Protein chains: 2
Amino acid sequence: MAMTVRTICLAILYEGEATGYEIRKLSTEGEYAYFVDASYGAIYPALARLEDENLVTARIEAQDGKPAKKIYAITAEGRRVFIGSLFDRLGEDDLKSEFLLFARFAPELPQSLVSQRINERLDQTREMIKELEDHSAKDVAPADRWVLDFGLTCMRSAHAYLVGHRDDLIAMARPEEGAAAAE
Amino acid sequence: MAMTVRTICLAILYEGEATGYEIRKLSTEGEYAYFVDASYGAIYPALARLEDENLVTARIEAQDGKPAKKIYAITAEGRRVFIGSLFDRLGEDDLKSEFLLFARFAPELPQSLVSQRINERLDQTREMIKELEDHSAKDVAPADRWVLDFGLTCMRSAHAYLVGHRDDLIAMARPEEGAAAAE
DNA sequence: TCGCACATGTAACGTGTTACATGATTAG
DNA sequence: CTAATCATGTAACACGTTACATGTGCGA
């Protein structure tokens with residue numbers, strides 16, 4: 001498994017028909033945002049290639065007012081290939097966190113900045129948790145809920161850590177120039 | 001901040017001199033493995049470019065037996081540029097998890113495979129926790145420890161989730177063909 | 001003796017992003 | 001009237017990986 005845009009397209013189409021436009025939304029906002037953030041420039045060519053390989057089929061649907069849609073559906077062969085790829089050895093997760101790199105350099109940065117960034121982080125974390133909870137509240141398949149709950153568990157502990165250790169990191173940062181010793 | 005190989009080179013050199021070879025080790029095995037996995041093909045050209053821009057300097061050190069080293073050091077300008085980049089708005093973390101995608105499709109996969117992959121996952125998680133603990137045990141800077149502890153917190157809750165919900169996911173998978181109803 | 005660790009670097013290739021091109025409808 | 005949403009697609013560019021090229025010394 002290589003988890004490229006191609007893989008994500010197949011994964012999404014495995015669960016039902018979709019257009020390139022919809023796939024992009026799912027991959028950046030929806031339940032798949034977990035896995036990748038794909039852009040049009042990657043999705044459309046990937047779908048075209050999948051069609052060439054007969055792993056998906058396309059059907060065009062005219063709409064009035066709006067541009068015509070190109071609705072993709074996975075083929076039996078596509079299902080076989082996708083599931084087959086899940087038997088391959090899994091690559092390790094990779095996490096890329098600018099926040100954590102930032103945090104390492106807290107001692108070189110002003111307290112106000114560190115404080116602000118942690119707050120932004122907390123907000124993002126809370127929002128992510130809310131989104132996951134909303135998803136989980138819906139009627140999702142059990143395996144999807146399992147994944148969602150995994151994410152929630154991690155996010156909640158990250159949140160708790162931030163709340164509990166926020167001040168520690170701020171304390172390591174450079175005191176503001178001309179800051180009063182007030183409260 | 002864009003967290004490219006270039007950024008990682010500056011971050012590593014910020015803390016002390018290093019060769020391209022060493023940077024690669026740190027970025028794949030060491031404490032920076034958190035942030036990226038960089039290969040030689042990315043690191044050497046990045047360092048050459050940083051040298052052109054006067055953000056780092058290089059000094060060649062001959063060794064007998066082994067090939068000559070090219071030791072890089074960050075310049076004052078390099079420090080300024082790097083720290084300056086930390087003031088930029090941070091990009092959101094992105095996590096790319098093949099394991100989670102795999103888990104979503106558990107109902108389409110045989111129990112033996114799902115079971116095996118979860119076990120592998122558990123092993124990896126345990127190993128990661130051990131590595132982080134070992135690092136944390138060393139005499140690291142407080143901000144580094146903060147980051148390490150953040151990672152540990154998340155990893156430990158992921159581990160606990162896997163231990164507690166392992167069987168749930170396996171139960172969702174396809175029962176083995178010809179499997180006995182034993183035990 | 002086989003392969004690994006040390007050590008640097010290039011070239012081909014793959015994969016993805018950004019910006020552009022096009023264009024109607026609808027909500028603020 | 002302005003921006004966003006719907007909708008597809010291409011081209012230039014950036015970034016990174018893999019494999020290759022080169023070569024020594026050491027441990028199993």
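Within every chain, numbering begins at 1; the chains are lettered A, B, ... in the order of the sequence lines, protein sequences first and strands thereafter. Bear in mind that the values here come from a model prediction, so they are computed numbers and not experimental data.
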Check your understanding: Hey, does B/K70 have a side-chain heavy atom less than 4.5 Å from the side chain of B/T19?
Key -> no

Practice item. State, with a plain yes or no, whether a side-chain heavy atom of B/R166 is found less than 4.5 Å away from one of B/L122. Key: yes

Could you state the atom-to-atom distance from [atom1] of [X] to [atom2] of [N] in whole Å?
X: A/L47; N: D/dT8; atom1: CG; atom2: C1'; value: 11 Å
X: B/R24; N: C/dT8; atom1: CZ; atom2: P; value: 12 Å
X: B/K69; N: D/dG25; atom1: NZ; atom2: P; value: 16 Å
X: A/E29; N: D/dA4; atom1: CD; atom2: C1'; value: 13 Å
X: B/I23; N: D/dG16; atom1: CD1; atom2: P; value: 14 Å
X: A/Y44; N: C/dT18; atom1: OH; atom2: C1'; value: 16 Å
X: A/L26; N: D/dA7; atom1: CG; atom2: P; value: 13 Å
X: B/I71; N: C/dC6; atom1: CD1; atom2: P; value: 15 Å

Point to revise | 5′-ward residue of the pair A/Q63/A/P45 relative to DNA chain D | key: A/Q63

Practice item. Using a heavy-atom cut-off of under 4.0 Å over every strand shown, decide if B/A68 touches base, sugar-phosphate, or nothing. Key: sugar-phosphate

Check your understanding: Any side-chain N or O of A/K25 under 4.0 Å from OP1/OP2 of D/dA7?
Key -> no

Check your understanding: Within less than 4.0 Å of OP1 or OP2 of C/dG9, is there a side-chain N or O belonging to B/Y40?
Key -> no

Point to revise | Partner set under side chain to side chain contact (heavy atoms under 4.5 Å, CB included) for B/L113, not counting sequence neighbours | key: A/F87, B/F102, B/L109, B/P110, B/R117

Show each protein N/O and nucleotides 14-16 of chain C N/O combination with a separation under 3.5 Å, one pair to a line.
{"from": "C/dG16", "atom 1": "OP1", "to": "A/V5", "atom 2": "N", "distance (Å)": "3.1"}

Review point. Is it true that A/R104 and B/E15 have a side-chain N and a carboxylate O under 4.0 angstrom from each other?
Key: yes

Practice item. Identify whether the distance between the nearest side-chain nitrogen and carboxylate oxygen of B/E127 and B/K130 falls below 4.0 Å. Key: no

Review point. Among side-chain atoms of A/Q116 and A/E120, is any donor-acceptor pair under 3.5 angstrom?
Key: yes

Can a donor-acceptor pair be found, under 3.5 Å and without considering hydrogens, that links the side chain of [X] to the backbone of [Y]?
X: A/E108; Y: A/F105; value: no
X: B/S27; Y: B/D37; value: no
X: B/E98; Y: A/L90; value: no
X: A/R24; Y: A/S39; value: no

Exercise for review: May I ask you to decide if the ring planes of A/Y21 and A/Y40 are parallel, tilted or perpendicular, using 30° and 60° as cut-offs?
Suggested key: parallel

Exercise for review: Give the C-alpha distance, both sets of side-chain angles, the deciding distance and a yes or no for side chain to side chain contact (heavy atoms under 4.5 Å, CB included) between A/E133 and A/M155.
Suggested key: CA-CA 11 Å; A/E133 279 169 348; A/M155 281 291 145; over 6 Å; no

Exercise for review: Would you please name every residue forming a side chain to side chain donor-acceptor pair (under 3.5 Å) with A/E17, sequence neighbours left out?
Suggested key: A/R59

Exercise for review: Name every residue in residues 12-22 of chain A that has at least one heavy atom under 4.0 Å from any atom of DNA chain D, in order of residue number, or write none if there are no such residues.
Suggested key: A/T19, A/G20, A/Y21

Point to revise | Helix axis bend for the helix from C/dT1-D/dA28 to C/dG28-D/dC1 - C1'-based end axes, five pairs, 10° rounding | key: 40°

Check the interface with nucleotides 24-26 of chain C: list each N/O to N/O pair with the protein under 3.5 Å, or write none.
none

Point to revise | Separation between OG of B/S97 and CZ of A/F150, rounded to the nearest 0.5 Å | key: 7.0 Å

